[in-house]
Amino acid sequence: MIKQRIIELLAQAVGKAQESGKLPSVAVPEITIEHPQNPEHGDYASSLPLKLARATGTGPMAIAETLVGLIPPAPEVESVTVAPPGFINFTLKNDWLTQQVDSILPAGSSYGNVELGQGGRVQLEFVSVNPTGPLHVGHGRGAILGNTLANVLAAAGYKVEKEYYVNDAGSQMDAFYRSLYARYQQALKVDAEMPADGYLGDYIVDLAKEIIADEGNRFLSLPEKEAIAEIGRLGLARMLARIKDDLELLGVNFDVWFREQDLFEQGQYDKVMALLREGGYIAEREEATWFVSTALGEDKDNVVVRSDGSPTYFATDIAYHYNKFVERKFDRVINIWGADHQGHISRMKAVVSALGITPERLVVMISQMVTLSRGGEAVKVSKRSGDIITLRELIDEVGADACRFFFAARSADSQMDFDLELAKKQSADNPVYYVQYAHARIASILRLAEDRKIDYADGDVSLLTTEPELTLIRRMLLLPEVVEMVTQTLEPHHLAYYAQDLATVFHSFYKQCRVVTEDEALTKARLKLVGAAKIALARTLHLMGMTAPDKM
RNA sequence: GCGCUUGUAGCUCAGUUGGAUAGAGCGCAGCCCUGCGGAGGCUGAGGUCGUGGGUUCGAGACCCGCCAAGCGCGCCA
């Protein structure tokens, strides 16, 4: 990557300066470069002299001059200049820029890949909604966040595994099973009351009817406990299938669906509890079993086994994370949780370190709340009451691509209001279409070239000399940097902004430079250029899980 | 009360981890179709970056206080 190359050039200059004594041998801060906002300042700029000035007690301008004199000539770089109060500005060579078109074209759908991960194994666990009801829009946000991140990490050279943790044990599932049983009975004209902690949504009624259609009334004759277990199993399977369908509509899929129940059946729960006990992290008190988080600096201890002998969610989550790190040996685990789980993070980190795992290997991202409104009026959301806007309704209204873009374009840690009216309205004039339109326009140009049987494989990219052409190339070259940034910050929203930026630059180029003209040589060169732009746009859209249409 | 997150243009949001003149989309006021897709291009108006201090060559970003919003602080998950 060119960015890395510039950093190396700078590092070399610093090394030489210190060797020759032109620069005191102080510790050199990490060399960073950035894109100046003013294009007159070149393609890359470093404020290294300003930072070195403090440590060396020398004037930043003098340091900058010294370094610039020691930067070796490079085929990529046109000029290196000093600018007050102590910046070093790099400008790239035009021929080098145009040559990049010839390297993007063969890269194709792998364009944008970087080697950061070195095959490190990363697990991304996200959505993981209790299968007690359909997904709603907030879950969609987490799904898109996780899926986009997975795509980017894979592009950065990590081995990524996407996982959905199915909470098929625990009291909430129990309430779901009992609710379903009550609805089942009611549908068969048997007097039954909904449990006090039951789920009231209509989808349970529908589920009960589906089960009756398939299985009839045979569960009525079973003892209640057995009937609930049988119906529960069927309901769970159906609920999971619906969740899977909804996610697939969004283009989100998982490599592993991990069942909470397995932690018990495979003995991992017992194993991890024994480990914690050996480590002295377990205390018995008030008839319950506690994880002594306070020993690790937490505010309070947490119950792992209730006084009735049943494990808490926290307890199984401990076993689950033991499984991730120790049994399955992921180098890094990224969990995406909803904002309401935020209080769970620090005790999870504490318990991970109690198990002897470096807590830095666990990253928990919080996807903030999505509130809903209709035309500015808030919509209350509650799964219990059944008053929810489902993810599926949203997809039906605005389409999967718009959903993907809309959610991915916002940073995870600021909460967002989703105005359903606005989302609909925006779908006619949405950045989604702006970006996809750029791709379709290029496809149209390439179709024209094909119709006219123009073979541009031998196009000479050095003919691309005008400002709109070079700007477009510069923007395409940013994609690997964006992939790198998203990988480092775990903030996929940069991708959405890049997509818009790239599309803007293309549309502007399109207005100023006609591609297919009488000038055969220039036509071929520009066909190569837009071909490369198509590759960059398509890759960006695909990383976001969106389609890159050739026609709209 | 304590913890996490947020506060930037009328609205929705970026701001590359402390750099040069704070940006985009929508909306608003205009302009541009003799040519590859006008779902487009161009110009303009619009900002005490919640607030008060501090750190330094330099702060929207970092530290402290305050204000406001959301979430959390269960033997729920």
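Letters A, B, ... mirror the listed sequences (proteins, then strands); counts begin at 1.
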Worksheet item: What does S411(A) touch in the nucleic acid at a heavy-atom separation under 4.0 angstrom: a base, only the sugar-phosphate, or nothing?
Response: sugar-phosphate
Worksheet item: So, is Q368(A) close to the C71(B) phosphate, meaning a side-chain N or O under 4.0 Å from OP1 or OP2?
Response: no
Worksheet entry | Syn/anti label of C33(B) as read from its glycosidic torsion, with the cut at 90° from 0 | syn
Worksheet item: Does a side-chain N or O from R452(A) land closer than 4.0 Å to OP1 or OP2 of C36(B), or not?
Response: no
Worksheet entry | Contact under 4.0 Å: K300(A) side-chain N or O vs G74(B) OP1/OP2 | yes
Worksheet item: Reckon R306(A) has a side-chain N or O less than 4.0 Å from the OP1 or OP2 of G74(B)?
Response: no
Item to complete: May I ask you to verify if any side-chain N or O of S414(A) is less than 4.0 angstrom from the OP1 or OP2 atom of U6(B)?
Response: no
Worksheet entry | G-U wobble or Watson-Crick pairing nucleotide for U34(B) (cut-off 3.5 Å, both distances) | none
Worksheet item: Quick one: is A69(B) close enough that its OP1 or OP2 comes under 4.0 Å of any side-chain N or O from Q415(A)?
Response: no
Worksheet item: At under 4.0 Å between heavy atoms, what does A438(A) touch on the DNA or RNA strands: base, sugar-phosphate, or nothing?
Response: nothing
Worksheet entry | Side-chain N,O (R347(A)) to OP1/OP2 (G3(B)) below 4.0 Å | no
Practice prompt. Give none if G52(B) has no partner; otherwise give the nucleotide forming a Watson-Crick or G-U wobble pair with it, both distances under 3.5 Å.
Written response: C64(B)
Practice prompt. Provide, to the nearest angstrom, the distance between the CG atom belonging to L446(A) and the P atom belonging to C36(B).
Written response: 16 Å
Practice prompt. Please state the C1' separation for the pair C62(B) and U56(B) - nearest whole angstrom.
Written response: 11 Å
Item to complete: Give, ordered by number, those residues of residues 496-513 of chain A having at least one heavy-atom distance below 4.0 Å to an atom of RNA chain B; if nothing qualifies, reply none.
Response: Y497(A), H507(A), S508(A), Y510(A), K511(A), C513(A)
Practice prompt. Could you pull out all residues at least two apart from R539(A) that satisfy side-chain hydrogen bond (donor to acceptor under 3.5 Å, both in side chains)?
Written response: N113(A)
Discussion item. Can you work out whether S171(A) or H493(A) has the more 5'-proximal nearest nucleotide on RNA chain B?
Written reply: H493(A)
Worksheet item: Once you round it to whole Å, what is the distance between P of C75(B) and CD of E284(A)?
Response: 16 Å
Worksheet item: Any donor-acceptor pair under 3.5 Å linking the side chain of T148(A) with the backbone of I144(A)?
Response: yes
Discussion item. Counting the atoms with a prime plus P, OP1 and OP2 as sugar-phosphate, which does D174(A) contact under 4.0 Å by heavy atoms, base, sugar-phosphate, or nothing?
Written reply: nothing
Worksheet item: When the distance from CE of M365(A) to P of U5(B) is rounded to whole Å, what number comes out?
Response: 13 Å
Worksheet entry | Between U12(B) (C1') and N430(A) (CG): distance, integer Å | 12 Å
Response to the item:
Per nearest nucleotide of RNA chain B, the residue lying toward the 5' end, A288(A) or Q488(A), is Q488(A)
Response to the item:
Any strand, both distances under 3.5 Å, Watson-Crick or G-U wobble: U16(B) pairs with none
Discussion item. Return the pairing partner of G72(B) with a 3.5 Å limit on both distances, Watson-Crick or G-U wobble; otherwise return none.
Written reply: C2(B)
Worksheet item: A29(B) and C71(B): how far apart are their C1' atoms, nearest whole angstrom?
Response: 42 Å
Worksheet entry | Between G10(B) and G47(B) - C1' atom distance, rounded Å | 12 Å
Worksheet item: CZ of R526(A) versus C1' of G35(B): gap in Å, rounded?
Response: 13 Å
Worksheet item: So, the side chain of S307(A) versus the backbone of A288(A): is there a donor-acceptor pair under 3.5 Å, distance only?
Response: no
